[in-house]
Enquirer: 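Just passing along the structure, written as structure tokens.
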Amino acid sequence: MMLQQTQTGRVAPAYGTFLAKFPDVRTLAHAPAMEVIQAWRGLGYNRRAVDLQRSAQAIEHEYGGVVPSDLKALRALPGVGDYSASAVACFAYDRQVPVVDVNVRRVLSRAARASDELSLDETRRVAAEWLAPGEAYRWNQALMDVGAMICRIDKPLCAQCPLKATCEYRARGLNKGPRPERRPKQSPFEGSSRQKRGGIIDHLRDTAGEGVSLSVLAKVIHPNGHKDLTWLVELLEGLEREGLVEMTPGARRGSARGIVRLPG
DNA sequence: AATTCGGGGTT
DNA sequence: AACCCAGAATT
């Protein structure tokens, strides 16, 4: 779950630290949510920390503390989508299922079509069709590694690619067709509510346990701010819905002395 | 189908 | 600055 939309190079060090603190499902399930969110510092998408702990609690309660191997059961856990469910089923339990991440989608899109990117459904169909029988683990791992190191989004190293003999993208020439993928333009991060949300959680992590008044929080996030704190309350209500913060009633109605803290 | 959700590294 | 990332949930 740490790897969702987050580079392996950034996950790797955090992974060891996190597992040292929460070595198994039971430990994670019974830990104060605050500590889990603390341990998530630097990883971003903080909702994943809450979802991960809730998944651990569901695994404790519904599956006797054993992570299920069934795709449907995995998929039903909070924060577990198609990718994570199939990744656990394959890499933890050696189930013969395709695993489709952004790398696999790019590799298969280029190899099988090359004119534009395959839809997710098309990718899943091709991935299942190409799955090496009995070798799902190695095949999926190899596809992702090829995508990350050879069939890269910017500069594909086709000369080194194990698929070069049959790849459509390679056959048509690298710059003949339209690019296989384009993402919608990314809105600026500076000054965004996304940045403010991150700043709020970061400051609450620093002031562990005690919590912070609405006015102090406003000062930290928006130093030359206004008297009106409704902008802050709206952000906090969103964070509250995701289980990332707790608010006193005063804070919820915008009182400057209202207290905000990480969930206990 | 389109948006939202962090943040650090790369270009 | 903009783009990228072993996605998922929400609308």
Side-chain angles (χ1 to χ4, degrees), chain A residues 1-15 37-55 58 71-72 74-92 97-109 116-124 127 136-156 179-205 221 234-245:
Chain A
M1 290 175 72
M2 286 179 177
L3 288 166
Q4 292 166 5
Q5 203 69 176
T6 306
Q7 292 90 331
T8 57
R10 193 142 63 93
V11 167
Y15 180 76
I37 296 169
Q38 286 270 13
W40 205 260
R41 186 194 291 268
L43 283 171
Y45 293 118
N46 297 308
R47 184 201 174 92
R48 295 182 297 172
V50 177
D51 286 340
L52 180 58
Q53 184 178 32
R54 287 178 176 168
S55 284
L71 270 185
K72 293 304 160 204
L74 287 166
R75 184 66 180 74
L77 296 171
V80 177
D82 289 333
Y83 163 75
S84 299
S86 55
V88 170
C90 180
F91 300 140
V97 295
V99 177
V100 175
D101 72 338
V102 67
N103 291 308
V104 171
R105 186 179 184 183
R106 180 175 57 254
V107 172
L108 295 184
S109 294
D116 58 359
E117 182 157 61
L118 298 170
S119 71
L120 269 181
D121 281 340
E122 291 170 326
T123 307
R124 278 191 281 267
Y137 185 107
R138 293 209 309 149
W139 176 255
N140 288 322
Q141 205 66 236
L143 268 188
M144 287 194 288
D145 286 346
V146 166
M149 298 185 297
I150 296 172
C151 193
R152 307 192 307 197
I153 187 169
D154 53 344
K155 189 180 57 140
R179 288 183 59 95
E181 64 274 336
R182 258 318 166 197
R183 301 188 172 211
K185 281 180 288 272
Q186 184 171 321
S187 48
F189 180 71
E190 194 66 27
S192 64
S193 70
R194 172 177 288 204
Q195 184 188 37
K196 291 186 176 66
R197 285 172 47 106
I200 290 169
I201 300 301
D202 253 355
H203 188 256
L204 292 178
R205 282 196 263 246
I221 303 306
E234 283 191 27
L235 288 179
L236 291 170
E237 283 172 341
L239 292 169
E240 187 180 40
R241 274 190 293 275
E242 296 178 5
L244 282 165
V245 304

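Note on naming: letters A, B, ... go to the chains in the order of the sequence lines (proteins, then strands), and numbering restarts at 1 for each one.
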Enquirer: Sort me out a list of protein N/O and nucleotides 9-11 of chain C N/O pairs below 3.5 Å, or just none if empty.
Expert:
from: C:dA9; atom 1: OP1; to: A:Gly79; atom 2: N; distance (Å): 2.7
from: C:dA9; atom 1: O3'; to: A:Arg47; atom 2: NH2; distance (Å): 3.4

Enquirer: Can you identify which nucleotide, out of B:dG6, C:dC3, C:dA6, has its nearest atom closest to the A:Gln5 side chain?
Expert: B:dG6
Enquirer: Partners of A:Phe189 by ring pair (Phe, Tyr, Trp, His ring centres under 6.0 Å), sequence neighbours excluded?
Expert: none
Enquirer: Output all residues satisfying salt bridge (Lys or Arg N to Asp or Glu O under 4.0 Å) with A:Arg138, sequence neighbours left out; order by chain, then residue number.
Expert: A:Glu135
Enquirer: Take A:Ser84 and A:Pro188, find for each the nucleotide of DNA chain C with the closest heavy atom, and name the residue whose nucleotide sits nearer the 5' end.
Expert: A:Pro188
Enquirer: What distance, rounded to whole Å, do you find between the two P atoms, one in C:dA6 and one in B:dA1?
Expert: 24 Å
Enquirer: Using every non-hydrogen atom in the two residues, find where A:Gly147 and A:Arg106 come nearest and quote the distance to one decimal.
Expert: O-NH2, 2.8 Å
Enquirer: So, using salt bridge (Lys or Arg N to Asp or Glu O under 4.0 Å) as the criterion, who are the partners of A:Asp202 when residues are at least two apart?
Expert: A:Arg41, A:Arg205
Enquirer: Who pairs with A:Gln141 by side chain to side chain contact (heavy atoms under 4.5 Å, CB included), at least two apart in sequence or on another chain?
Expert: A:Phe91, A:Tyr137, A:Met144, A:Asp145
Enquirer: Can you list everything that forms a salt bridge (Lys or Arg N to Asp or Glu O under 4.0 Å) with A:Glu237? Sequence neighbours excluded, please.
Expert: none
Enquirer: Any protein N or O atoms within reach of nucleotides 8-11 of chain B? Criterion: under 3.5 Å, listing atom names and distances.
Expert:
from: B:dG8; atom 1: N2; to: A:Gln7; atom 2: NE2; distance (Å): 2.7

Enquirer: Residues two or more places apart in sequence or in another chain: which of them pass salt bridge (Lys or Arg N to Asp or Glu O under 4.0 Å) with A:Asp51?
Expert: A:Arg47
Enquirer: Once ring pair (Phe, Tyr, Trp, His ring centres under 6.0 Å) is applied, do any residues pair with A:Tyr45, and if so which ones, sequence neighbours excluded?
Expert: none
